[in-house]
S.K.: 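This structure is in structure tokens; I'll ask about it shortly.
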Amino acid sequence: MSAPPTHADYQLSQLEQLEAESIHIFREVAAEFEKPVLMFSGGKDSICMLRLAEKAFFPAKVPFPLLQVDTGYDFPEVLECRDRWVERLGTRMIVASVEEAIKNGIVHEDGKTTRNRLQIGTLLNAIEENKFTAAFGGGRRDEEKARAKERVYSHRDEFGQWDPKMQRPELWSLYNGRLHEGEHMRIFPLSNWTELDIWHYIGREEIDIPSIYYAHQRRVFNRGGMWMSESEYNPCKEGEEVVEKTVRFRTVGDLTLTGAVESDADTIPKIIDEIAIARVTERGATRGDDKFSEAAMEDRKKEGYF
């Protein structure tokens, strides 16, 4: 009698492998840490992260709350998408407001520091107040060289700070989650994903994302080589002129610092084709907060930025 056929040559696709790794990370953290939270901005990476968390624990609900650090300068389209996800999944949403943190003296607005940087103190206060022991973030190693230094489990000391020289080894996907009192971990389930992987996953899963990721008409002005949105929070400076262009956003954040790119990519296949030939990461191309210095991101991460 012949042996039954086997499928020893069957292999997962790259996207399936990435999905399986991320789901494994979510389950490990849920089992190991007492009080995790998922940092959720409503951007494409955090939405993919939430979708993976949904799949990791289905048919149960996502077993931890979501946390957004709100600068007050978020794109309305992003907040609308955030609210749709929260309503659909029935998750608890915590909003840590930079505006409220300024009023309560948690952070200080000096007129020079951007709201994006003021997110640091606001976030650390929210983590301390809620006693979170692990915080999922949507950072990917391909985004920026400081993020490329970070491990999946990124240890933060009792002051919420990150020391890139004190990273823990992660051989064979073994993660060290030991903490002392007051410390916490930042967890990055998308570490090994690329921007292209994210878009392929959005297409495969038919994921709901903010409309501004697709090409649309918008009133913009050029500042430092980036097309910035016209807004009451972002008044034009001398010599800047508002024009209407067909643009889309590769990343979303504080609208006073996040630029658009000229594009006619109004579908996911078109976006994938556009990203496939891009030679600059989305943060390098469109995030003003990363243009202050060569080490801008690393400096912020050391202070507690996500």
S.K.: For atom CD of Glu206, is the number of surrounding heavy atoms from other residues, nucleotides or ligands below 6.0 Å larger than 12?
M.R.: no
S.K.: If we ignore angles and hydrogens, is there a donor and acceptor under 3.5 Å between the side chains of Glu183 and His155?
M.R.: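 Checked: Glu183/His155 side chains pair up, N/O donor to acceptor below 3.5 Å.
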S.K.: With sequence neighbours excluded, tell me which residues meet side chain to side chain contact (heavy atoms under 4.5 Å, CB included) with Ser97.
M.R.: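 Ser97: side chain to side chain contact (heavy atoms under 4.5 Å, CB included) contacts with Glu99, Glu100.
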S.K.: Under 4.5 Å between side-chain heavy atoms, counting indirect links through other Ile/Leu/Val/Met/Phe/Trp/Tyr residues: same cluster for Tyr233 and Val78 or not?
M.R.: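 Yes; Val78 is reachable from Tyr233 via cluster members.
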S.K.: Just by distance, no angles: are the side chains of Thr194 and Asp197 close enough, under 3.5 Å, to form a donor-acceptor pair?
M.R.: yes
S.K.: Please work out which of the three classes, parallel, tilted or perpendicular, describes the rings of Phe57 and Phe26, given edges at 30° and 60°.
M.R.: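 It falls in the perpendicular class, over 60°.
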S.K.: Under 4.5 Å between side-chain heavy atoms, counting indirect links through other Ile/Leu/Val/Met/Phe/Trp/Tyr residues: same cluster for Leu79 and Met49 or not?
M.R.: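 They do not share one cluster, since no chain of ILVMFWY contacts under 4.5 Å joins Leu79 to Met49.
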S.K.: Please name all residues satisfying side chain to side chain contact (heavy atoms under 4.5 Å, CB included) with His216, sequence neighbours left out, ordered by chain then number.
M.R.: Ile212, Arg218, Val247, Phe249
S.K.: Could you pull out all residues at least two apart from Tyr201 that satisfy ring-ring contact (aromatic ring centres under 6.0 Å, His included)?
M.R.: Trp193
S.K.: Decide, yes or no, whether a salt bridge links Glu230 with Lys245 under the criterion of side-chain N to carboxylate O below 4.0 Å.
M.R.: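 No, this pair does not count.
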S.K.: With a cut-off of 6.0 Å (strictly less than), are more than 12 heavy atoms of other residues, nucleotides or ligands near CD of Glu128?
M.R.: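 Count not over threshold, so no.
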S.K.: Please check if Val29 and Tyr175 belong to a single hydrophobic cluster, counting links between Ile, Leu, Val, Met, Phe, Trp and Tyr side chain heavy atoms closer than 4.5 Å.
M.R.: yes
S.K.: Could you pull out all donor-acceptor pairs under 3.5 Å where a side-chain atom in residues 32-40 meets a protein atom, sequence neighbours excluded?
M.R.:
{"from": "Glu32", "atom 1": "OE1", "to": "Tyr153", "atom 2": "OH", "distance (Å)": "3.2"}
{"from": "Glu32", "atom 1": "OE2", "to": "Gly177", "atom 2": "N", "distance (Å)": "3.2"}
{"from": "Lys35", "atom 1": "NZ", "to": "Asn130", "atom 2": "O", "distance (Å)": "2.7"}

S.K.: Side chains of Ser41 and Gln68 only: does a donor on one sit below 3.5 Å from an acceptor on the other?
M.R.: no
S.K.: Hey, what do you get for NE2 (His108) to CG (Leu118), rounding to the nearest 0.5 Å?
M.R.: 9.5 Å
S.K.: A side-chain contact here means heavy atoms from C-beta on lying under 4.5 Å apart; do Asn234 and Tyr73 qualify?
M.R.: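 No, side chains not in contact.
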S.K.: Does this structure show an ion pair linking Arg248 with Glu274, if we count only N-O contacts that are shorter than 4.0 Å?
M.R.: yes
S.K.: Which atom names give the shortest non-hydrogen contact between Ala215 and Asp264, and what distance separates them?
M.R.: CB-C, 3.6 Å
S.K.: If a pair satisfies salt bridge (Lys or Arg N to Asp or Glu O under 4.0 Å) and one of its residues is in residues 80-95, list it, with sequence neighbours excluded.
M.R.: Glu54-Arg88, Arg84-Asp208
S.K.: Is there a side-chain contact between Thr91 and Trp85 in this structure, where contact means two heavy atoms from C-beta onward sitting under 4.5 Å apart?
M.R.: no
S.K.: What residues, two or more places apart in sequence or in another chain, satisfy ring-ring contact (aromatic ring centres under 6.0 Å, His included) together with Phe221?
M.R.: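 If we apply the ring-ring contact (aromatic ring centres under 6.0 Å, His included) test to Phe221, skipping adjacent residues, there are no hits.
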S.K.: With a 4.5 Å cut-off on side-chain heavy-atom distances among I, L, V, M, F, W and Y, is there a chain of contacts connecting Met226 to Val220?
M.R.: no
S.K.: Can you establish whether the number of heavy atoms outside Ile277 located under 6.0 Å from its atom CD1 is more than 12?
M.R.: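 Not buried by this count: 12 neighbours or fewer within 6.0 Å.
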S.K.: Assess whether atom CD of Gln14 is packed by more than 12 heavy atoms of other residues, nucleotides or ligands within 6.0 Å.
M.R.: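 Check fails, neighbour count at 12 or below.
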S.K.: Please tell me whether Ile25 and Leu15 are part of a single hydrophobic cluster in this structure, the criterion being side-chain heavy atoms less than 4.5 Å apart.
M.R.: yes
S.K.: Between CG of Asp74 and CG of Asp254, what distance do you get to the nearest 0.5 Å?
M.R.: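 Atom-to-atom, Asp74:CG and Asp254:CG are 7.5 Å apart.
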